[in-house]
Amino acid sequence: MRNDQFLHLCELTHLKNQTVQLARWPVHKAAGLRILCITDGKFEWSIEGQKHILYPDDVLVICPWQTLGHEAGTLEIGAFEWLTILPEVLEKETDLRLGAWSNLLEGDQKIAGKLLAAPAVLPQFKPVHDIILKIENEIKRAEFAFQTRVNQLIDELLVLIVRQLGQQQNQRRDFSQVFQKLDQLLRADLEHPWTVEEMATIVGFGSTAFTEKVKAYSGFSPLNYLINIRISEAIKQMKTTKKSLTDIALEMGFYSSQHFSSTFKKLTGYTPGQYRKTNIR
Amino acid sequence: MDCIITVDIGTANVKVSAFDLGGKLLGRRKGSYPTFHPQPEHSEQDPEQVFLTVLYVLKNLLNDEVRTHRYRVAMVGFTASMHSVLPVSRQGVPLANAAIWADNRAHYEAAELKKSTHGAAIYEATGTPIHPMSPLTKIAWWARHEPRIFAKTYKFISIKEYVLFQLTGSYLIDYGMASATGLFNIHRLEWETQALDFAGIGASQLSEPVSVFHQVTLLKKEYAQMLGLPASTKLMMGGSDGCLATFGAGVIEEGAATITIGSSGAVRVASRQILQDNQQQFFNYLLTEGHYVSGGPTNSGGGAFEWFAQQFGTSLAHLDYEATTNQLLKEAENTPAGAAGLLFLPYILGARAPLWNANARGVYFGVNINHQRRHFARATVEGIVFEVYSIGKLLEKHRTIDSVYVNGAYASQPFWAQLLADVFGKTVSTNDNPDSASLGTALLMLTNIGVHSSLLEAAKTVKSGQTYRPNTVTHSEYKLLFDLFERLSRQLAEPFEAIAAYQEKLAK
């Protein structure tokens with residue numbers, strides 16, 4: 001493989017191991033975003049300190065700040081393959097930017113980054129192996145426009161993984177659990193400028209079905225529910241801290257104190273100033 | 001034209017409904033809020049979010065259904081889930097989230113009180129079984145585990161009281177809600193000293209108990225303005241959702257029972273008398289002065305089936321969760337009664353009535369090599385219904401039950417309703433209006449404003465829906481199986497202790 005043409009694709013490797021080898025697979029970090037697929041055998045690895053047993057067609061996605069390997073360093077019998085992508089920006093708590101080679105929209109890249117930030121194990125996810133094979137063939141044959149094809153295939157791989165990650169969230173859950181999960185995610189980052197698309201992807205739905213389901217289950221549209229959490233959290237802050245209203249507004253994800261004030265009045269009947277005065281005499 | 005509004009503050013959501021003075025439903029809106037589990041035994045809700053949701057849903061209903069049809073709001077009435085409690089400061093600021101009925105943090109306090117010499121007397125006086133669900137034991141927990149919060153607490157109130165306090169500025173609790181706190185003397189209608197002593201508080205740290213018919217006309221002007229209601233709008237206290245759901249099913253006199261199976265379940269009867277039970281198996285809650293609703297709750301209703309569907313619906317991975325559940329229910333329905341001799345004890349969340357054993361655990365009994373998933377699906381549903389029947393059967397020692405009304409998301413489904421009819425050996429009916437807690441609240445209000453001359457007359461206006469008659473052959477089969485179900489539940493008491501202790505050890 002000619003590395004100069006694919007600076008963003010830094011590894012594409014198969015590993016087939018026929019005898020147990022000591023000190024060959026210690027816990028380590030990847031250089032970039034690593035997508036790994038088991039093709040044969042059984043592996044007991046530690047992923048971010050958590051023990052996992054992996055079988056063929058299980059897929060791992062690991063960010064450079066996460067660790068992977070066998071606790072004693074042993075390489076067990078079996079085979080796996082991986083590719084490592086080097087995005088332009090891939091850092092903890094920062095928006096993912098893949099680079100000019102990707103055709104994914106900026107907003108979608110951000111959503112992908114958020115979902116990929118936790119180490120992921122996708123059990124029995126066969127499509128990954130097929131795409132890795134295709135990428136490999138394209139590079140080997142080097143036919144017309146193969147670079148474009150490879151970039152498209154990497155995009156496709158990421159799209160499939162992100163969708164699967166979302167769906168993994170809601171499989172075998174009733175919607176009340178999906179909603180509870182959504183509530184936790186929103187609460188964990190109220191400052192974030194959430195969009196409906198982002199919320200939908202994270203819990204594994206398309207935005208149309210998501211909006212309908214949220215409305216039917218909760219009585220709220222997704223954005224109205226978010227506002228409801230933001231204002232209730234703001235109320236708690238106003239009652240229990242000495243923070244300024246502007247600080248509270250920004251922490252709760254309102255872009256200005258005017259925006260906060262008008263939303264607050266609409267929902268509670270009071271302006272934030274009046275409300276604070278009435279409740280903390 | 002006049003209408004009335006009911007606000008039902010439930011476990012998962014608030015439902016706000018508008019009724020005309022004939023009791024006809026004009027419209028309904030809901031809004032949900034989450035339950036938090038910051039620690040395994042804790043189940044909490046944020047009172048601020050609940051209140052905001054009440055305002056939001058109420059405002060939407062008023063805008064969409066009431067004002068557009070030029071109705072005048074004659075009265076707003078309230079009902080809510082029982083047993084929630086939160087501490088507030090002198091300024092009315094919540095000092096913690098509300099612990100709801102499912103919160104189990106006070107299990108040591110409950111066990112201790114139950115064993116003590118005061119346990120039986122407190123149960124007799126308050127009508128509330130000694131259990132971690134009751135605010136009595138939860139307040140004792142705060143006293144012991146959160147002394148700083150406890151010291152700052154001006155009052156301990158339920159979510160419903162918090163909503164009313166926000167709207168009006170006064171701390172009031174209706175007799176119905178009070179009767180489910182474990183702190184209220186249901187004979188004398190005042191806070192019970194023995195219980196207050198155990199909780200470590202004085203009566204001034206609770207709201208003032210008033211009749212369910214009590215009206216407040218002090219809607220704060222800011223809320224009146226945002227809701228578009230006159231500040232003189234009458235707010236009626238209303239009662240608890242458990243009692244009002246029974247009343248809303250048309251049950252207020254002896255002879256009938258209601259069965260609720262939602263995510264959990266309960267069997268309830270109504271009477272003018274308190275049910276005397278020296279085994280402490282049943283609750284006695286107040287519908288209003290002189291009207292009691294007695295019965296027993298279970299932890300495992302539809303929730304136990306949902307658990308089953310989540311764990312064992314996997315080979316249907318191409319279906320989403322709801323389709324999986326429906327598919328499993330179909331399999332269960334198409335499997336003959338008795339599940340080929342497979343029996344399920346549904347205590348996956350421990351047992352409330354009638355065992356009252358938090359250490360009870362789930363069991364599939366009698367598994368043989370011919371049992372398939374459909375038998376497990378059938379046995380799961382039958383086990384849940386058996387537990388409900390075990391409550392009903394015990395209740396029959398104290399009350400005659402001629403007719404049964406079912407409600408809740410599961411019990412009102414035809415398959416479940418028929419199964420209940422077959423196991424109970426009684427005719428079972430659904431109600432025309434499935435939301436019986438709201439209807440019960442509406443009927444209470446309509447009686448209060450004089451549309452109905454009495455609660456009895458009001459209850460007579462409730463219409464029933466589908467009727468299910470028991471199959472006598474199936475019923476006698478179920479009698480045999482139920483006998484085994486009861487024996488197993490009793491005989492496993494000792495192994496239940498052992499496995500629960502082992503599970504607790506592992507969890508640490």
Side-chain angles (χ1 to χ4, degrees), chain A residues 123-124 167-187 204-205 209 213-221 224-241 263-271 274-281, chain B residues 12-16 28-37 46-53 55-57 59-61 88-95 97 166-167 169 219-227 263 302-303 306-307 309-314 316-322 324-325:
Chain A
Q124 295 292 297
Q167 275 159 23
Q168 212 175 30
Q169 298 285 350
N170 78 46
Q171 254 173 13
R172 290 204 279 142
R173 284 165 186 248
D174 60 16
F175 198 76
S176 70
Q177 287 170 296
V178 174
F179 190 76
Q180 189 107 2
K181 174 87 194 167
L182 174 72
D183 179 84
Q184 283 167 10
L185 290 164
L186 296 178
R187 241 171 247 283
F205 285 93
K213 288 216 162 211
V214 169
K215 183 89 198 165
Y217 174 78
S218 74
F220 287 95
S221 74
N224 277 336
Y225 186 71
L226 174 64
I227 290 171
N228 205 48
I229 308 182
R230 283 178 166 157
I231 296 291
S232 26
E233 286 302 317
I235 286 176
K236 277 196 266 185
Q237 300 264 330
M238 285 159 63
K239 286 185 178 175
T240 57
T241 71
T263 312
F264 194 94
K265 170 96 190 189
K266 210 168 97 194
L267 261 70
T268 68
Y270 291 83
T271 66
Q274 283 173 333
Y275 191 86
R276 203 171 216 178
K277 236 189 275 165
T278 335
N279 280 285
I280 307 172
R281 277 163 302 206
Chain B
N13 54 39
V14 54
K15 293 191 204 81
V16 182
R28 170 184 299 156
R29 289 287 180 282
K30 69 171 179 183
S32 61
Y33 29 78
T35 300
F36 307 113
H37 306 282
D46 173 11
E48 306 291 10
Q49 189 175 349
V50 174
F51 178 61
L52 263 193
T53 307
L55 280 181
Y56 179 87
V57 179
K59 186 176 163 183
N60 282 348
L61 179 90
V88 293
S89 72
R90 188 166 286 279
Q91 290 78 25
V93 175
L95 298 169
N97 277 338
Q166 289 292 307
L167 290 174
L219 185 59
K220 284 185 192 165
K221 69 172 194 300
E222 288 80 3
Y223 297 125
Q225 227 161 49
M226 79 162 282
L227 294 169
S263 64
E306 286 159 17
W307 164 82
Q310 281 160 23
Q311 305 314 315
F312 305 111
T314 45
L316 311 170
H318 60 286
L319 297 176
D320 68 8
Y321 173 78
E322 278 131 73
T324 306
T325 310

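Using a 4.5 Å heavy-atom cutoff, the side chains of A:K236 and B:N97 are in contact. Looking at A:N228 and B:Y33, their side chains never come closer than 4.5 Å, going by heavy atoms from C-beta outward. The shortest distance between side-chain heavy atoms of B:E306 and A:Q177 does not fall below 4.5 Å.
Residues A:Q274 and B:E222 bring no donor and acceptor atom of their side chains to less than 3.5 Å of each other.
Interface remark: A:F179 contributes side-chain atoms only to the contact with chain B (heavy atom separation under 4.5 Å). Proximity to chain A (any heavy atom under 4.5 Å) is restricted, for B:K59, to the side chain, taken from C-beta onward. If you measure heavy-atom distances from A:I235 to chain B, the contacts under 4.5 Å come from the side chain alone.
To the nearest 0.5 Å, the span separating CD on B:Q225 from NZ on A:K265 amounts to 6.0 Å. Taking CD from B:E48 and CD from A:E233, the interatomic distance works out to 9.5 Å, rounded to the nearest 0.5 Å. The distance from atom NE2 of B:H37 to atom CD of A:Q180, rounded to the nearest 0.5 Å, is 5.5 Å.
Across all non-hydrogen atoms, the minimal contact from A:A216 to B:K30 is O-NZ, 2.9 Å. Of all the heavy atoms in A:N279 and B:Q91, the pair that sits closest is O-CB, 3.7 Å. Here the closest non-hydrogen pair linking A:K266 and B:M226 is O-CE, 3.5 Å. Summarising the geometry of B:S32 relative to A:Y225, their closest heavy-atom pair is O-CE1, 3.7 Å, with the distance given to 0.1 Å.
In terms of heavy-atom pairs under 4.5 Å with chain A, the best-connected choice from B:T325, B:V93, B:V57 is B:V93. Counting heavy-atom pairs under 4.5 Å between each of B:L55, B:N13, B:T53 and chain A puts B:T53 at the top.
Under the side chain to side chain contact (heavy atoms under 4.5 Å, CB included) test applied with B:L52, the options A:I229, A:L267, A:I227 reduce to a single match, A:L267.
Using a 30° and 60° split on the angle between ring planes, A:F220 and B:Y56 fall in the parallel class, below 30°.
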